[in-house]
There are 2 protein chains.
Amino acid sequence: MSPRDPNPPTRAPRRTKDDVVDAALRLLDGVGLPDLSMRRLADGLGVQPSALYWHVASKQELLAAVSGRILAPVVLRPGDPADLAGAAVTLGHRLHDRLLAHRDGAEVVSSSLALGLAPSPVHDALGDSAAARVIADAVTHYVVGFTFHEQQRRSADAWGAAAPAVSLTAASVEGTDDDGFAAALGLIAAGIARSADGVAVARGA
Amino acid sequence: MSPRDPNPPTRAPRRTKDDVVDAALRLLDGVGLPDLSMRRLADGLGVQPSALYWHVASKQELLAAVSGRILAPVVLRPGDPADLAGAAVTLGHRLHDRLLAHRDGAEVVSSSLALGLAPSPVHDALGDSAAARVIADAVTHYVVGFTFHEQQRRSADAWGAAAPAVSLTAASVEGTDDDGFAAALGLIAAGIARSADGVAVARGA
DNA sequence: ACCTGAACACCGTTCAAGT
DNA sequence: ACCTGAACACCGTTCAAGT
């Protein structure tokens with residue numbers, strides 16, 4: 001065991017920032033955002049709470065990294081529509097899917113985006129022309145907001161079955177949310193197709 | 001001073017739920033959502049923290065009541081456009097204005113709406129036809145999300161002047177946000193006008 | 001009807017010190 | 001480089017008891 005031994009004596013296992021973000025994402029899925037505390041996270045990693053602050057500067061920065069993980073697959077891929085409207089709709093659905101893939105995903109991403117701590121994947125994918133920015137804004141805020149609402153409804157239904165409200169009016173139990181989601185996204189797409197470049201809108205008081 | 005004296009001896013001033021909500025809204029404007037605690041609120045009212053729980057069941061219920069106050073003026077008024085697209089745009093601008101009128105207004109309203117604890121004024125104003133619901137969803141989520149982002153940007157700029165980013169690309173310093181906002185809202189309006197009733201949208205993987 | 005006092009079970013974050 | 005130990009300054013909420 002020379003000082004340069006490539007296999008030094010096994011020391012206590014140490015963590016990397018990636019490990020911490022991994023653990024945070026799994027804890028999020030396990031207990032939800034309200035119960036995702038730095039102390040619980042440290043517990044799961046077998047570490048003191050203060051140790052986390054060697055890896056991340058704050059809880060907000062950690063949640064931004066978690067958001068980055070959630071959003072990573074929201075990109076344009078070969079074979080995707082080349083026109084702005086088509087690409088925007090594709091990205092919108094992909095974003096929706098990713099947010100639903102993790103408990104409270106929309107809420108986590110919503111605040112990270114608002115704080116400017118996570119890059120917006122739709123903006124990144126569509127480029128930074130003026131028209132693209134407007135479209136990315138509309139799609140991103142609509143999808144995140146809709147999914148946030150959707151996820152709260154689901155967890156409320158799951159916890160207490162406090163009267164399924166007026167869900168009788170819906171024909172299909174599972175298809176309803178997705179249909180409403182797709183319809184409004186189509187609305188935005190129709191707006192993109194119609195307004196092309198110049199958008200005129202009357203300012204209502 | 002009979003037992004039925006209409007002007008009984010002045011007792012210690014007591015609070016109503018309205019007083020508590022008023023104080024919460026003023027405290028929100030003063031210190032922002034992260035520092036709006038039940039203890040601070042109780043302090044301002046000259047009361048023990050536990051006393052608040054006689055008036056409200058939880059902090060979330062209190063914030064929902066605050067949201068209700070913020071959103072109260074978001075209604076259709078005589079003289080407003082009668083068509084769905086025009087009414088939706090008018091309500092969108094009115095909602096935007098109300099959210100900006102209070103510190104962290106968009107964040108407070110965003111979670112109250114997601115939790116279903118505050119009624120959505122755009123949905124209420126547009127009625128509950130299938131088309132109206134889709135439009136109300138698009139407008140509400142877009143406006144709340146955009147304004148949430150906008151308010152975080154503003155308070156970040158205000159606190160630390162940590163590099164105004166790429167704001168040089170914008171011609172007018174103050175008009176920029178509003179222009180982007182109106183453009184995307186116009187996009188949605190154009191979608192409403194175009195899709196009329198039947199919306200066809202291709203589901204991108 | 002409205003509130004106090006005291007407690008329960010927690011938080012995020014900092015920082016000197018250890019290895 | 002990575003973590004411990006201990007503390008600081010807080011939280012939301014409950015509940016018996018007071019007036």
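Chain letters run A, B, ... following the sequence lines, proteins first and then strands; every chain starts at 1. Values reported hereafter were calculated over all heavy atoms of this structure, with side chains retained and with hydrogens, waters and symmetry mates removed.
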Restricting to pairs with a member in residues 44-63 of chain A, which pass side-chain hydrogen bond (donor to acceptor under 3.5 Å, both in side chains), not counting sequence neighbours? Lys17(A)-Glu61(A)

Answer yes or no: is there a side-chain heavy-atom contact under 4.5 Å between Glu150(B) and Thr147(B)? yes

Which value, in whole Å, describes the distance between the P atoms of nucleotides dA9(D) and dC10(C)? 23 Å

Among dC11(C), dC2(C), dC3(D), which nucleotide sits nearest the side chain of Trp54(B)? dC2(C)

For residues 29-42 of chain B, which side-chain donor-acceptor pairs fall under 3.5 Å, sequence neighbours excluded?
residue, atom, partner, partner atom, Å
Asp29(B), OD1, His102(B), ND1, 3.4
Asp29(B), OD1, Arg103(B), N, 3.0
Asp29(B), OD2, His102(B), ND1, 2.9
Ser37(B), OG, Arg40(B), N, 3.1
Arg40(B), NE, Asp35(B), O, 3.3

Would you tell me if any nitrogen or oxygen in the side chain of Arg15(B) comes within less than 4.0 Å of OP1 or OP2 on dC3(C)? yes

Identify the pairs formed between an N or O of the protein and an N or O of nucleotides 17-19 of chain C at a distance under 3.5 Å, and give each distance.
none

Value in whole Å for how far the P atom of dT13(C) lies from OH of Tyr53(A): 4 Å

Helical stems, DNA chain D - three or more consecutive Watson-Crick or G-U wobble pairs below 3.5 Å: C:4-8 with D:12-16, C:12-16 with D:4-8

What's the CG-P distance between Leu52(A) and dC15(C), to the nearest Å? 17 Å

Residue-level proximity of residues 108-118 of chain A to DNA chain D when a heavy atom falls under 4.0 Å: none

Note: Leu126(B) and Ala132(B) closest approach over all heavy atoms is O-CB, 3.5 Å

Among residues at least two apart in sequence or on other chains, which ones pass side-chain contact (heavy atoms from CB on, under 4.5 Å) with Pro73(B)? Arg98(B)

Atom NZ of Lys17(B) and atom P of dC2(C): how far apart are they, to the nearest Å? 13 Å

Once you round it to whole Å, what is the distance between C1' of dC11(C) and CG of Leu33(A)? 14 Å

Report all interatomic pairs (protein N or O, nucleotide N or O of nucleotides 5-10 of chain C) with separations under 3.5 Å.
residue, atom, partner, partner atom, Å
dG5(C), O6, Ser50(B), OG, 2.6

Do any side-chain atoms of residues 106-120 of chain B form donor-acceptor pairs under 3.5 angstrom with protein atoms, and if so which ones, sequence neighbours left out?
residue, atom, partner, partner atom, Å
Ser111(B), OG, Val108(B), O, 3.4
Ser112(B), OG, Ser67(B), OG, 2.9
Ser112(B), OG, Val108(B), O, 3.2
Ser120(B), OG, His123(B), ND1, 2.7

Residue set satisfying salt bridge (charged side-chain N to carboxylate O under 4.0 Å, His left out) with Asp22(B), at least two apart, ordered chain then number -> Arg69(B)

Roughly how far apart, to the nearest Å, are dC11(C) and dC8(D) at atom C1'? 12 Å

Here the distance between atom P of dG12(C) and atom CG of Asp35(B), to the nearest Å, is 16 Å

Does His55(B) put a side-chain nitrogen or oxygen below 4.0 Å from OP1 or OP2 of dA1(C)? no

Among residues 57-69 of chain B, which contact DNA chain D at a heavy-atom distance under 4.0 Å? Ser58(B), Lys59(B)

So Leu45(B) and Leu52(B), do their side chains get closer than 4.5 Å, heavy atoms only? yes

Say you pick atom C1' in dC2(D) and the same atom in dA17(C); how far apart are they, in whole Å? 13 Å

Separation of Asp19(A) atom CG from dC3(D) atom C1', in whole Å? 15 Å

Could you work out, with side-chain contact (heavy atoms from CB on, under 4.5 Å) as the rule, every residue matching Ala125(A), not counting sequence neighbours? Leu76(A), Leu91(A)

Taking salt bridge (charged side-chain N to carboxylate O under 4.0 Å, His left out) as the definition, give me every residue that meets it alongside Asp43(B), ordered by chain and number, with sequence neighbours left out. none

Between His93(B) and Phe181(B), what is the ring plane arrangement, given parallel below 30°, perpendicular above 60°, and tilted in between? perpendicular

